[in-house]
Amino acid sequence: MADQRQRLALDAKLQAEDALYREMFERRDDNKILWIALGLAVLVHVGVLLIKFPEWKTILPQDEKKVIVVRKYVPPPPPVERKQIVQQKITRKVPIPDPTPDEPEPIREPEPEILEPAPLPPDAEVLLGDPEPPPPSGPLLAGVGDVTNPVRIEATYVKPEYPDLARQARLEGNVILQAVVTKDGTVEDVKVLRVDKPNLGFETAAVDAVKQWRYKPAMQNGRPVDVYFTINVSFTLH
C-alpha cells in the first residue's frame, strides 16, 4: 500500500512538471518565468527524493487465548497410625540387709594386775600432804595472792636531790617508778612509769635515789622472793 501511494504521488508530480514544462516552452518569450519554473521543478524533485513517507502497517488484532489448566485431584495420604510404645520398667530385687545382724562377741579387757608396793628402806622419810610448789622462775607481783609487799629499811633511805631547774622555777613534782626488789632486799631494774612534770630532772633524781634504798624482801610461803614493786617519789619545796 505504501509503495502504491508513493508511485501515485510521484506520477502526479511528474504530470505537473510536464504541464509546467509545456507551458514554459509555449512561452518562450518570457525567459524569467522559464528559469523560475525550472528552479521550482528542481526543488520539487529534490524534495520528493528527501521526503520519507511513513510506512503504513496494518496491525491485525490478535485473539487472546485463555489457557485453562486442569489438574488431576490427588487425595491426601491416609494418616499414619502411631503405635504406642509402652516402656516396661525392669524391676530388680535388691536384698535388704538384716536389721539385726549377729551381735559380735564383747571384747573383754584383761584385768590389771595389782602390784604390791615394794617395802621402804628403814631410813626413808615419808612426807604426808601436798608437795610444795616449785620456786618461781621470775619476779612475782608484790601484794598479789600469797605474796607480801617488801618493806623499806629506813636506815638506808636516801633523799632524792631536788633538781636545780625545778627549784629555780619553783615547781614541785611526782614520779612513779617500777623496780624489782630482790630476795636480798636490793633494788634493780628501775623504770619510770609516769612523771607529772617531765624534762625538769625529776626522773633522774628519783631513779638515782631509789637504787640506793634497801628493803626487807617480800615473802611467799615463808620464803623470800623477787617481786615487782611500785615506788612513788614526791618532790616538795619547803
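Because only heavy atoms are used, hydrogens play no part in the values below, and waters and symmetry mates are left out as well, while side chains stay in. All values reported here derive from a predicted model rather than from experimental measurement.
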Between CD1 on residue Ile153 and CZ on residue Arg214, distance to nearest 0.5 Å: 9.0 Å

Val192 vs Leu177 side-chain heavy atoms within contact, under 4.5 Å: yes

Parallel, tilted or perpendicular, as decided by the 30° and 60° cut-offs, for the rings of Tyr162 and Phe235: perpendicular

Full working for side-chain contact (heavy atoms from CB on, under 4.5 Å) between Tyr215 and Val227: CA-CA 11 Å; Tyr215 285 82; Val227 293; over 6 Å; no

Residue pair Tyr228 / Leu140, side-chain heavy-atom distance below 4.5 Å: no

Interatomic distance, Asp189 atom CG to Thr182 atom OG1 [nearest 0.5 angstrom]: 11.5 Å

Shortest non-hydrogen separation from Leu237 to Leu171 and the atoms involved: CD1-N, 4.0 Å

Geometric class of the Tyr157/Trp213 ring pair [parallel <30°, tilted 30-60°, perpendicular >60°]: tilted

Stepwise side-chain contact (heavy atoms from CB on, under 4.5 Å) check, Asp208 with Glu161: CA-CA 9 Å; Asp208 293 342; Glu161 185 178 355; over 6 Å; no

Sidechain-backbone polar pair: Asp226 side chain, Lys183 backbone, donor-acceptor under 3.5 Å: yes

Within 6.0 Å of CD in Gln178, more than 12 heavy atoms from elsewhere: yes

Leu141 vs Val147 side-chain heavy atoms within contact, under 4.5 Å: no

